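Below is one structure, written out as structure tokens; comments come after it.
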Number of protein chains: 4
Amino acid sequence: MAGSTFGTIFKISTWGESHGKALGVVIDGCPAGLKLCEEDIQPYLDRRKPGQTVISTPRKESDQVEILSGVFKGYTTGTPISLLVFNTSQKSSDYSEIASYYRPGHADYTFDAKYGFRDYTGGGRSSGRETIGRVAAGAVAVKILKEMGITVTAYTKSIGPVSIDMTRFDKNAIYRTPTCMPDENADQAAMAYLKECMEKKDSSGGTVECIASGLPAGIGDPVFEKLDANLAKAIMSIGAVKAVEMGDGVLVSQSVGSQNNDAFRCTNGIVSKKTNHAGGILGGISDGSQILLRAHIKPTPSIFSVQETVNQKGDNIEIAIKGRHDPVIVPRAVVVVEAMTALTILDACMLNMTARLDYLKDFYN
Amino acid sequence: MAGSTFGTIFKISTWGESHGKALGVVIDGCPAGLKLCEEDIQPYLDRRKPGQTVISTPRKESDQVEILSGVFKGYTTGTPISLLVFNTSQKSSDYSEIASYYRPGHADYTFDAKYGFRDYTGGGRSSGRETIGRVAAGAVAVKILKEMGITVTAYTKSIGPVSIDMTRFDKNAIYRTPTCMPDENADQAAMAYLKECMEKKDSSGGTVECIASGLPAGIGDPVFEKLDANLAKAIMSIGAVKAVEMGDGVLVSQSVGSQNNDAFRCTNGIVSKKTNHAGGILGGISDGSQILLRAHIKPTPSIFSVQETVNQKGDNIEIAIKGRHDPVIVPRAVVVVEAMTALTILDACMLNMTARLDYLKDFYN
Amino acid sequence: MAGSTFGTIFKISTWGESHGKALGVVIDGCPAGLKLCEEDIQPYLDRRKPGQTVISTPRKESDQVEILSGVFKGYTTGTPISLLVFNTSQKSSDYSEIASYYRPGHADYTFDAKYGFRDYTGGGRSSGRETIGRVAAGAVAVKILKEMGITVTAYTKSIGPVSIDMTRFDKNAIYRTPTCMPDENADQAAMAYLKECMEKKDSSGGTVECIASGLPAGIGDPVFEKLDANLAKAIMSIGAVKAVEMGDGVLVSQSVGSQNNDAFRCTNGIVSKKTNHAGGILGGISDGSQILLRAHIKPTPSIFSVQETVNQKGDNIEIAIKGRHDPVIVPRAVVVVEAMTALTILDACMLNMTARLDYLKDFYN
Amino acid sequence: MAGSTFGTIFKISTWGESHGKALGVVIDGCPAGLKLCEEDIQPYLDRRKPGQTVISTPRKESDQVEILSGVFKGYTTGTPISLLVFNTSQKSSDYSEIASYYRPGHADYTFDAKYGFRDYTGGGRSSGRETIGRVAAGAVAVKILKEMGITVTAYTKSIGPVSIDMTRFDKNAIYRTPTCMPDENADQAAMAYLKECMEKKDSSGGTVECIASGLPAGIGDPVFEKLDANLAKAIMSIGAVKAVEMGDGVLVSQSVGSQNNDAFRCTNGIVSKKTNHAGGILGGISDGSQILLRAHIKPTPSIFSVQETVNQKGDNIEIAIKGRHDPVIVPRAVVVVEAMTALTILDACMLNMTARLDYLKDFYN
């Protein structure tokens, strides 16, 4: 079924395989009047690009985005925006072996089970390159949110056993460190840990945290379209994510009400909360505090040590994956988490504009 | 916006407030030919009913379900099934106080922020009674899945610091213990802990775990409609859930690839996995192993100790919530998690039936 | 699949069979703050009620609507509104014959082909009573549109060979004449024609026209979500409608551009059109003129003369339908056309509120 | 809002402007295993190409389609298929005048009203070139339907006063005549009429008819997702269509039941109908007869005679449109009607595969 479409009003359809001709996204439902050019989007794609540090694959992917439609004289027209990135450096020559067996932790087996066969070159549609469309669309969402006073910031929270120290939070470090950690000390410790992993032909998991600020109270819809429910879907849809937390997340199950409840207070007529265990969402609706979420990302499944698996013929075999693979997915997932959070929040904000009869009356009278 | 509708093919729309005339659900897209009567649904509603143990509110809610449409001579007809439960014991007399302020941890403030006012009687739409529609629809989904060889089982995994011991797993205990734990020892320890909480006028969080067995490989769609993404949304949409884990969940972020990867093996032509860290899903598609997920549920926000908050006039006040409230939400959420898991899996199974051209050719030729 | 759900933001799910316990609708996405009670809805249901004139079946259906949720202290809360009508006078005793064969012009055969069996009592889900849910929801949409300055009026345009004379248009006559024609002369001629039909044991087709006024320019979305495309779907989804026209409709195919083009003009800064061949829609978007559409409705398929058909065993047989049936569907379809038009326009108006970045900025800043 | 997305399972998103860099479509939900290459799609695009006869604009548009994703080693993989056509011959130099005023019969005014401005070059998104995406996706749908034994054929039924004679129906003539009429005599008469129109600086309307054969009984869903309702939306969404008829269409309103009802008969165990006034659909569900629909298309709004209109400043002005424009839209719309019909039917067939519990049991057991 149509699995590559996301959003109700700000709706995106991504497409493309790792080693196909191109990858891209169609944004259907972008409001008219947004100043938009390739330079607004390219920096986000650059943040997910590999080949930049010792812990990311040295494949060269220029990943230059082109706007093919929906923008006229520098402004969005309200019609679909087609964004495209041509694949330039992919070579499919050495995939004959991978074609024959199922890599543990990858989607090889499940794609075969579902579709009867698969595009095995570079992971096909289940490659991390699939996120190019998400990130490109996310950059547009981020730009719109900024015009509404809303910012979204994601960063690496932990890699393996190494976590950032929030008291040392340095936003600029996110864009400077190879780990995308906002804490240079933690970055160095994490890099040392990753080096160890690589020496052991192993890989590491980690967490990405994301904060959205400036969101007014009232965004999100009760019951199934709760803001946190849609964020959970958005984040869990990113390959390798195995858990999503809102606010205190898993800690709430060991907490007590007197501690977990956030007290309201009112200062100069403005309601806020003394604490934010809830992560900015109550009953599925934003409460005016920061939205806070975390994604737990599994270790890169492509490791160089010997692994047991089966091939398509049904033989039990041993394999050792070759090529170059990042020892950790987390740093490149940071911008993807940011993009998915932005897309989800923007769509919820748009849906909220019809929540009251007065809004309709104000608009139409 | 329309937040009370869930599913693409097996689509449900729930409705109803805690203290309204009735609550219910319309199931649109149920296949024709399913034997169905009220007795198939009532046991699921009974499992979420309060008033049954010391840890659940003694309010009497008979919650008798009626099938109003979509069933003819005992079988579903393929047209919408309307299920309804009349509210019988609600009294709205003593809500004037609650109407005036915002209870910490509740959706009072966010509903006001969104809609301009709220139904404050018993929590209105944000009450736990909202789940009646989910559970009734879930019972139908469970029955269909059973015909397809798929079973879904949820249970309480932990309450506060007390976790079940999986080696003592006793399925029948789920339906017998007040905590819905499949381990009577843990149940007793948890009950003792809850008694403590109640004495301290406090409440406890906990976790629900859910297993789906019999699901073939190939269910779920890549990218945004991943099976785990839709499960995450389904589970996070349940009030009070603050984190969702698939398989090893949050542990993956501290794991390494050599440990987290599940090795494939083939025995008598059947592919399986040696371990199931992935929780039965790879690349968003079921791999034939058990689906395993966990929901982290916050402590009941209604506690009897004094709390700080604000009222609608903007005064900072202190409140002490009255009435009777469960010291833990978890046991009553178990059947809700089961229902949402069943609804999500059934919809994914239905969507999967068009994944290959051969399926269409077999069906239509 | 889920065929009983309509709309994107103002979303309705109808349910119920002709002879089931009840029929109803859930409105999910109604804005908060609308004053609403049963008396707002009942008059619309009364307009579709049978048993009122010689040309409508004398079955007594009280069709009293109940609001079960979504309204608190007289105002909508933004949560789902469940509307229900209990069936009171249905008797299923004499359907054994109908159960065995396929009535020409009815959905008996196609329901069997699709679902394997059918609820044959009173037509089940394919009965005209299915429209109760549409009309009840439509009444709510009409009330909201009125607050936005938009009115929707449908009426019988023709019955068999008898058409109304637009120069004699009398709006009040719509609600007074048995044919719902806004022209008493035409009404009398149509009644004479219908009497003839009844004497011949035959039935008549006719047309319903609908006008929406007050809709500003800019409503509707290009390409697939054109306002006229959604209106066409909405109207064609009404049982017995076989053609839908916008503006001049079928006449355009024999027209020429110099005649069919509507000239724009500007008076006191207000743009309007000299003519309205287009029916108020250009490029799928409202142009500020009246929306004008027509539905062509087939003759009642239940006629008393002898007809050839087959039974479920595959025998070629002759049947003569018994009972009492309206010789024309049109008058009772008028309020249904009005309802579907209102639902479609309201949803389009809500979707339009995010068409420009400035709308978002105005709303959120 | 997202207006460029169509379909529930076989979902397409079209994009692109007349004079932008490219146009295209993403097909999300195409089953895996279909043999597909550019040569399957190109002939459909060639059928809508201009510059081929005296009655179509001599602009050269090569309109070469490229498959960018979703196909691996010649077969669809089940992942999104991105189809793209680069614009090669568009020149935007001479649109300054058009930019300043509203052409009668065009969407200039309504786009400005909706979005605040518009891409005025070549009509932007409201150009007929928008249909490239529909036709490319339709070609894929047609190919799948063929594998299921279903064919879709559209042709010009009439141009102005000239109608085809069904007794002279010659299918090959559709692809040979400049009018796409399946009757060479009518084609010649229509061409003579169009020549007259051109001499008068005028344009002509006409009708397209479409037949789908091989569709089994049971396709389409009751109530809102009726097959004819979705066909009506699909066809009315094509620019310039102002009326849609199913079967006898507008004639039913002047017919009587004894004539309009199609008698069932059974021959060798196979149920069929003696006549097909219904156009193959009863109660919104296919009845096994041919699906028959008609679209009424307005005259080309771009005519060379002088017209009254207003400019953006609000002056009442006279204009005479320049350039080259087809005197009739109909022949180029034929393949678009075919495409939209195929897309709608395929989606309905896919949705039908879950209509019965037995289908699920057969598939999963």
Side-chain angles (χ1 to χ4, degrees), chain C residues 1 3-4 6 102 104-105 107 110 113-114 125-126 202-203 205-207 217-218 221-226 228-229 232-233 236-237 242-246 249-250 252-253 255-258 260-261 263-266 269 282-283 285 287 296 298-299 301 303 305 308-310 314 316 351 355-356, chain D residues 1 3-4 6 102 104-105 107 110 113-114 116 125-126 202-203 205-207 217-218 221-226 228-229 232-233 236-237 242-246 249-250 252-253 255-258 260-261 263-266 269 282-283 285 287 296 298-299 301 303 305 308-310 314 316 351 355:
Chain C
M1 109 100 182
S4 291
F6 184 83
Y102 300 128
T110 55
K114 183 170 199 77
R125 182 71 178 146
S126 69
D202 215 330
S203 62
T207 54
D221 287 275
V223 189
F224 302 117
E225 299 299 323
K226 288 188 167 86
D228 38 359
K233 174 171 180 171
M236 193 71 95
S237 79
K242 299 302 287 183
V244 180
E245 301 181 273
M246 304 302 309
V250 298
V252 303
S253 52
S255 187
V256 290
S258 59
N260 188 65
N261 283 352
F264 289 103
R265 64 179 169 193
C266 191
L282 285 169
I285 302 172
D287 64 17
H296 291 261
K298 72 179 184 184
I303 52 173
S305 34
E308 294 175 87
T309 193
V310 302
N316 291 295
L351 287 166
R356 300 189 196 181
Chain D
M1 107 101 186
S4 291
F6 184 83
Y102 300 128
T110 55
K114 183 170 198 77
R125 182 72 179 146
S126 68
D202 215 331
S203 63
T207 54
D221 287 275
V223 191
F224 302 119
E225 300 298 325
K226 288 187 167 86
D228 38 0
K233 174 171 181 172
M236 194 70 95
S237 79
K242 300 301 288 183
V244 180
E245 301 181 272
M246 303 303 308
V250 298
V252 302
S253 53
S255 187
V256 290
S258 61
N260 188 65
N261 282 352
F264 288 103
R265 63 180 168 193
C266 191
L282 285 169
I285 302 172
D287 64 15
H296 291 260
K298 72 179 184 183
I303 52 173
S305 35
E308 293 176 88
T309 193
V310 302
N316 290 295
L351 287 166

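Being a predicted model, the structure only gives us computed values, none of them experimental. Note on naming: letters A, B, ... go to the chains in the order of the sequence lines (proteins, then strands), and numbering restarts at 1 for each one.
Contact annotation for D:I303: only side-chain heavy atoms (C-beta onward) come within less than 4.5 Å of a heavy atom of chain C. Contacts between C:S126 and chain D at a heavy-atom distance below 4.5 Å are absent for every atom of the residue. The contact between C:D287 and chain D is made by backbone and side chain atoms together, counting heavy-atom distances below 4.5 Å. Of the atoms belonging to C:R265, heavy atoms from both backbone and side chain fall under 4.5 Å from chain D. Looking at C:D228, the atoms closer than 4.5 Å to chain D (heavy atoms on both sides) sit in the backbone and in the side chain alike. If you measure heavy-atom distances from D:K226 to chain C, the contacts under 4.5 Å come from the side chain alone.
Residues D:F264 and C:Y102 share a closest heavy-atom pair of CD1-O, 3.8 Å. Closest of all the heavy-atom pairs between D:T110 and C:I285 is CG2-O, 3.4 Å. Summarising the geometry of C:D221 relative to D:K114, their closest heavy-atom pair is OD1-CE, 3.5 Å, with the distance given to 0.1 Å. Across all non-hydrogen atoms, the minimal contact from C:P299 to D:G257 is CB-N, 3.2 Å. Across all their heavy atoms, C:G218 and D:A113 have their closest contact at N-CB, 4.1 Å.
One finds the CG atom of D:D202 at 3.5 Å from the OG atom of C:S258 (value rounded to the nearest 0.5 Å).
Contact tally against chain C (heavy-atom pairs below 4.5 Å) for D:M246, D:H296, D:K298: the top residue is D:H296. Contact count versus chain D (heavy atoms, under 4.5 Å) is highest, among C:G314, C:G269, C:P301, for C:P301. Among D:G283, D:S203, D:A263, the residue making the largest number of heavy-atom pairs under 4.5 Å with chain C is D:S203. The residue among C:R125, C:E245, C:E308 with the most heavy atom pairs within less than 4.5 Å of chain D is C:E308. By number of non-hydrogen pairs under 4.5 angstrom with chain C, the leading residue of D:A107, D:S237, D:A217, D:S305 is D:S237. When the candidates D:N261, D:L351, D:V310 are compared by the number of heavy-atom contacts under 4.5 Å with chain C, D:N261 comes out ahead.
Every residue meeting the salt bridge (charged side-chain N to carboxylate O under 4.0 Å, His left out) condition with D:K233, not counting sequence neighbours, appears here in chain and number order: C:E225. Partners of D:T309 according to the side-chain hydrogen bond (donor to acceptor under 3.5 Å, both in side chains) rule, which considers only residues two or more places apart in sequence or in another chain, do not exist here.
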